[in-house]
Amino acid sequence: MLLLAVLAWRGPGRYWFGFWTVPVQRAAYVTVAFALFCWLFVATFAVLRARYGLTRRRAAGVVAVAAGAPLVVGGVVVAGVGLETTLTAWNDQLALLPWGLHRILGICVYLGIPTALPTWIAVGGAVVVAGGALLLVRRTRDRAASSRG
């Protein structure tokens with residue numbers, strides 16, 4: 001929604017030019033976009049509680065598993081293919097960095113990106129998924145109370 005609002009204001013050419021040449025606009029856009037992204041998890045939690053009747057614990061577990069799973073899959077896939085290969089293919093499509101420079105130096109070297117980053121992301125995602133799975137597991141006390149009730 002944010003991207004569509006910005007594009008509707010001045011069009012894609014002006015948006016792209018402003019994004020790369022006006023640091024204040026770029027910082028504002030990235031800040032608002034990140035805040036809206038984080039709000040997605042809060043809204044999902046609220047919907048799971050209000051409309052689906054999940055407990056706080058189960059709703060937090062579902063949100064954690066849903067947030068961590070793409071990190072695991074994406075991290076494993078990028079690690080398998082190779083970070084440099086993935087970023088080069090992505091840059092070939094979007095032309096974000098100067099073509100010759102990223103071909104000569106490599107994107108990871110040019111931007112100082114650690115090549116182990118996909119592995120770190122996959123491990124971090126696995127930790128989030130495991131934490132969410134633990135929240136989804138019903139405690140023995142909860143099972144005993146529900147069987148009596």
Worksheet item: Do Glu84 and Ile107 come close enough that some side-chain heavy atom pair is under 4.5 Å?
Response: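 Sidechains of Ile107 and Glu84: in contact.
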
Nearest atoms (heavy-atom pairs only) where [X] meets [Y]:
X: Ala69; Y: Val129; value: N-CG2, 3.4 Å
X: Leu7; Y: Pro12; value: CD2-CA, 3.5 Å
X: Arg58; Y: Arg138; value: NH1-CG, 4.3 Å
X: Ala66; Y: Pro70; value: O-CD, 3.0 Å
X: Ala64; Y: Gly132; value: CB-CA, 3.7 Å
X: Val72; Y: Ala126; value: CG2-N, 3.2 Å

Fill in: Leu40: partners by side-chain contact (heavy atoms from CB on, under 4.5 Å), with sequence neighbours left out
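Once residues adjacent in sequence are excluded, the partners of Leu40 under the side-chain contact (heavy atoms from CB on, under 4.5 Å) criterion are Thr44.
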
Worksheet entry | Counterpart residues, side-chain contact (heavy atoms from CB on, under 4.5 Å), relative to Val22 (two or more places apart) |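 For Val22 the side-chain contact (heavy atoms from CB on, under 4.5 Å) partners, ignoring immediate neighbours, are Gln25.
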
Apart from [X] itself, what residues make up its hydrophobic cluster when side-chain heavy atoms of I, L, V, M, F, W and Y under 4.5 Å apart count as a link, directly or indirectly?
X: Trp9; value: none
X: Phe45; value: Phe37, Phe41, Val47, Leu48, Tyr52, Leu54, Val62, Val63, Val65, Leu136
X: Phe34; value: none
X: Val123; value: none

Worksheet item: Near Trp90 CH2, under 6.0 Å, is it more than 12 heavy atoms from other residues, nucleotides or ligands?
Response: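 Result for CH2/Trp90: open.
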
Item to complete: Measure the OG1-CZ distance between Thr31 and Arg26 for me, rounded to the nearest 0.5 Å.
Response: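 So the OG1 of Thr31 and the CZ of Arg26 are separated by 11.0 Å.
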
With the 4.5 Å side-chain cut-off for hydrophobic clustering, are [X] and [Y] part of the same group?
X: Phe17; Y: Val6; value: no
X: Val128; Y: Val76; value: no
X: Val81; Y: Leu83; value: no
X: Trp120; Y: Leu71; value: yes
X: Ile121; Y: Ile113; value: yes

